[in-house]
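Quick notes on the structure that follows.
Letters A, B, ... are given to chains in the order of the sequence lines, protein chains preceding strands, and every chain is numbered from 1. For clarity, every value in this text was computed on a predicted model and none was experimentally measured.
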2 protein chains.
Amino acid sequence: MALTRDDVLTGALAILDEYGLGDLTMRRLAGSLGVQPGALYWHVANKQALLGAIADRILDGLDGGLPVGDWDTRITELAHRLRAALLAHRDGAEVVAAAYALQTGRGQTVRLMTEVLADAGLDETEAELAALTLLHYVFGHTADEQSHAQAAEHEPAGAPGALASGTARFGFGLSVFVDGLRARLV
Amino acid sequence: MALTRDDVLTGALAILDEYGLGDLTMRRLAGSLGVQPGALYWHVANKQALLGAIADRILDGLDGGLPVGDWDTRITELAHRLRAALLAHRDGAEVVAAAYALQTGRGQTVRLMTEVLADAGLDETEAELAALTLLHYVFGHTADEQSHAQAAEHEPAGAPGALASGTARFGFGLSVFVDGLRARLV
DNA sequence: ACCTGAACACCGTTCAAGT
DNA sequence: ACCTGAACACCGTTCAAGT
């Protein structure tokens with residue numbers, strides 16, 4: 001039963017989740033799959049391509065069933081979903097941010113955000129810039145959360161002080177951004 | 001004439017500027033200084049510490065002579081200065097962002113931004129969160145500029161279309177952020 | 001105090017050769 | 001088609017020993 005490209009990606013995600021990006025090496029991955037390092041290069045061009053494919057997996061299904069409503073609730077929902085997707089895997093923000101930086105295309109996430117913001121009334125250029133700005137915020141905030149990570153895995157339901165929880169802290173910055181955009185639209 | 005810690009940092013910055021972060025290895029640095037790799041560890045604890053010291057150099061003198069005036073002009077000036085400092089060295093944003101992620105303290109940049117925003121009327125927690133948000137934006141935007149980098153080193157004086165130049169694009173996102181904060185203050 | 005020599009335990013990637 | 005074996009050209013870090 002030969003190895004599948006899918007097996008390789010799944011194995012890589014498993015190592016990422018359990019040991020983190022620093023321990024995700026081609027040799028270690030090969031070992032966990034019971035195969036020689038060189039074998040991986042039959043399924044994947046190189047490590048960079050592997051990380052790109054992992055990033056795609058992490059972001060998969062991000063845009064399913066977006067609520068129809070005001071632009072601000074839609075963009076807020078998108079941002080929260082992106083953060084959740086990144087938080088779902090150890091070092092997820094770092095992996096996806098690194099993969100994104102290399103491709104100017106940037107996948108559909110930016111396109112979707114741009115679309116929502118253009119609908120809101122921004123012109124094409126501003127909408128795309130605003131989408132990138134938001135993306136940077138989500139990546140930066142989430143990477144921060146994950147680097148200070150470990151504990152506080154699942155936030156307790158009755159959170160303590162005002163902006164203690166990660167979600168609340170994230171929401172604050174997000175609302176500043178949305179407020180700023182609103183000011184530009186009136 | 002023995003090597004100095006200062007020589008090591010200067011040599012490291014030279015390699016960074018000329019070849020980029022990917023080529024800044026301890027062995028290469030040692031070679032450029034005419035010394036064995038092990039010698040570096042007399043002057044610097046490890047590579048992480050070296051990168052931290054480089055980050056400090058890049059950010060050095062960031063807060064000198066901040067204009068006295070409204071909070072929004074001050075925070076805008078600070079953000080522009082931070083971006084300029086990062087742009088002054090190849091891969092500067094990536095280096096400083098990586099170094100920042102590891103130290104919760106975060107140096108004085110955040111502290112200064114927090115101070116300005118607290119003066120503006122935000123409470124302590126919100127001011128610090130807002131400062132971090134702004135920091136993420138600056139890092140994200142600048143890292144993006146530098147990864148798509150190379151060409152467009154010095155923007156021509158008479159820039160073309162609306163948001164073509166890096167500075168203008170940066171300014172747009174920055175003003176969204178500042179507008180959002182203003183909305184929170186009235 | 002400062003550095004060399006030499007090692008240890010790794011990397012990513014390539015590629016003939018096997019099945 | 002898919003993988004092994006073995007190599008190539010690297011890494012960061014440690015540490016006795018030299019000066």
Side-chain angles (χ1 to χ4, degrees), chain A residues 1-57 90-91 94-103 147, chain B residues 1-57 90-91 94-103 147:
Chain A
M1 51 193 69
L3 207 60
T4 297
R5 183 183 154 91
D6 215 79
D7 295 336
V8 173
L9 296 184
T10 302
L13 259 177
I15 293 185
L16 186 69
D17 284 337
E18 208 164 346
Y19 305 102
L21 183 57
D23 284 338
L24 177 50
T25 70
M26 298 301 271
R27 299 182 98 101
R28 204 190 223 273
L29 174 56
S32 85
L33 295 170
V35 104
Q36 294 296 317
L40 297 179
Y41 292 83
W42 179 263
H43 301 280
V44 119
N46 49 40
K47 189 177 183 179
Q48 187 177 252
L50 173 70
L51 289 175
I54 291 180
D56 286 343
R57 275 222 182 168
R90 168 111 85 127
D91 294 333
E94 203 180 339
V95 170
V96 176
Y100 262 50
L102 302 177
Q103 52 173 209
S147 81
Chain B
M1 52 192 70
L3 207 61
T4 298
R5 181 182 155 94
D6 216 78
D7 295 335
V8 173
L9 297 184
T10 302
L13 258 177
I15 292 184
L16 186 68
D17 283 337
E18 208 164 345
Y19 306 101
L21 184 56
D23 284 337
L24 176 50
T25 69
M26 299 300 270
R27 299 183 99 101
R28 204 191 224 273
L29 174 56
S32 84
L33 295 170
V35 104
Q36 296 295 318
L40 298 178
Y41 292 83
W42 180 263
H43 301 281
V44 118
N46 49 40
K47 190 176 182 179
Q48 186 176 253
L50 173 70
L51 289 175
I54 291 181
D56 286 344
R57 276 222 182 170
R90 167 113 84 126
D91 294 332
E94 202 180 339
V95 171
V96 176
Y100 263 49
L102 302 177
Q103 54 171 209
S147 81

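Nearest approach of L51(B) to L21(B), heavy atoms of both residues: CD2-CD1, 4.1 Å. The two atoms that bring R5(B) and A53(B) nearest to each other are NH2-CB, 3.6 Å, heavy atoms only.
Rounded to a whole Å, the CE atom of M26(A) is 17 Å from the C1' atom of dC8(D). Summarising the geometry, the separation between CG on L50(A) and P on dG12(C) is reported as 10 Å, rounded to the nearest angstrom. In this structure, the CG atom of L24(A) is 13 Å from the C1' atom of dC11(C), given to the nearest Å. Taking atom CG of residue L29(A) and atom P of nucleotide dC3(D), one finds them 12 Å apart after rounding to whole Å. At whole-Å resolution of the value, CG in D23(B) and C1' in dC10(D) are 12 Å apart.
Minimum atom distance to the side chain of Y41(A) is reached by dT13(C), of the listed dT4(C), dT13(C), dC11(C). In this structure, the nucleotide among dT13(C), dT13(D), dG5(C) sitting nearest to the side chain of P37(B) is dT13(D). Comparing dT4(C), dT13(D), dG12(C) by their closest approach to the side chain of K47(A) singles out dG12(C). Considering only side-chain atoms of T25(B), the nucleotide from dT13(C), dC3(D), dG12(D) that sits closest is dG12(D). Taking only side-chain atoms of W42(A), from C-beta outward, the nucleotide of dA1(D), dC3(C), dT14(D) with the closest atom is dA1(D). Counting only heavy atoms from C-beta on, L3(A) has its side chain closest to dC3(D) among dC3(D), dC11(D), dT4(C).
In this structure the side chain of R27(A) reaches within 4.5 angstrom of the side chain of P37(A), judged on heavy atoms. Using a 4.5 Å heavy-atom threshold, the side chains of L50(A) and H43(A) count as separate.
Base pairing of dT19(D) is made with dA1(C), judged by Watson-Crick or G-U wobble geometry with both donor-acceptor distances under 3.5 Å. Across all strands shown, dC11(D) remains unpaired; no Watson-Crick or G-U wobble contact has both distances below 3.5 Å.
Toward the 5′ end of DNA chain C lies the nearest nucleotide of T4(B), the other residue of the pair T4(B) and R27(B) mapping further downstream. Remark on DNA chain C: of its neighbouring residues N46(A) and L40(B), the 5'-side contact belongs to L40(B), judged by nearest-heavy-atom nucleotide.
Q36(B) has a side-chain polar atom (N or O) that falls below the 4.0 Å cut-off from OP1 or OP2 of dG5(C). Residue H43(A) places no side-chain N or O under 4.0 Å from the OP1 or OP2 atom of dA1(D).
Among the heavy atoms of the strands lying under 4.0 Å from A2(A) are primed sugar atoms or P, OP1, OP2 only; no base atom is included.
Comparing dA9(D) with dA9(C), their P atoms sit 23 Å apart, to the nearest whole Å. For the C1' atoms, the distance linking dA7(D) with dC11(C) amounts to 14 Å, nearest Å.
Within the 3.5 Å criterion, the main-chain N or O of R28(A) finds a donor-acceptor partner in the side chain of T25(A).
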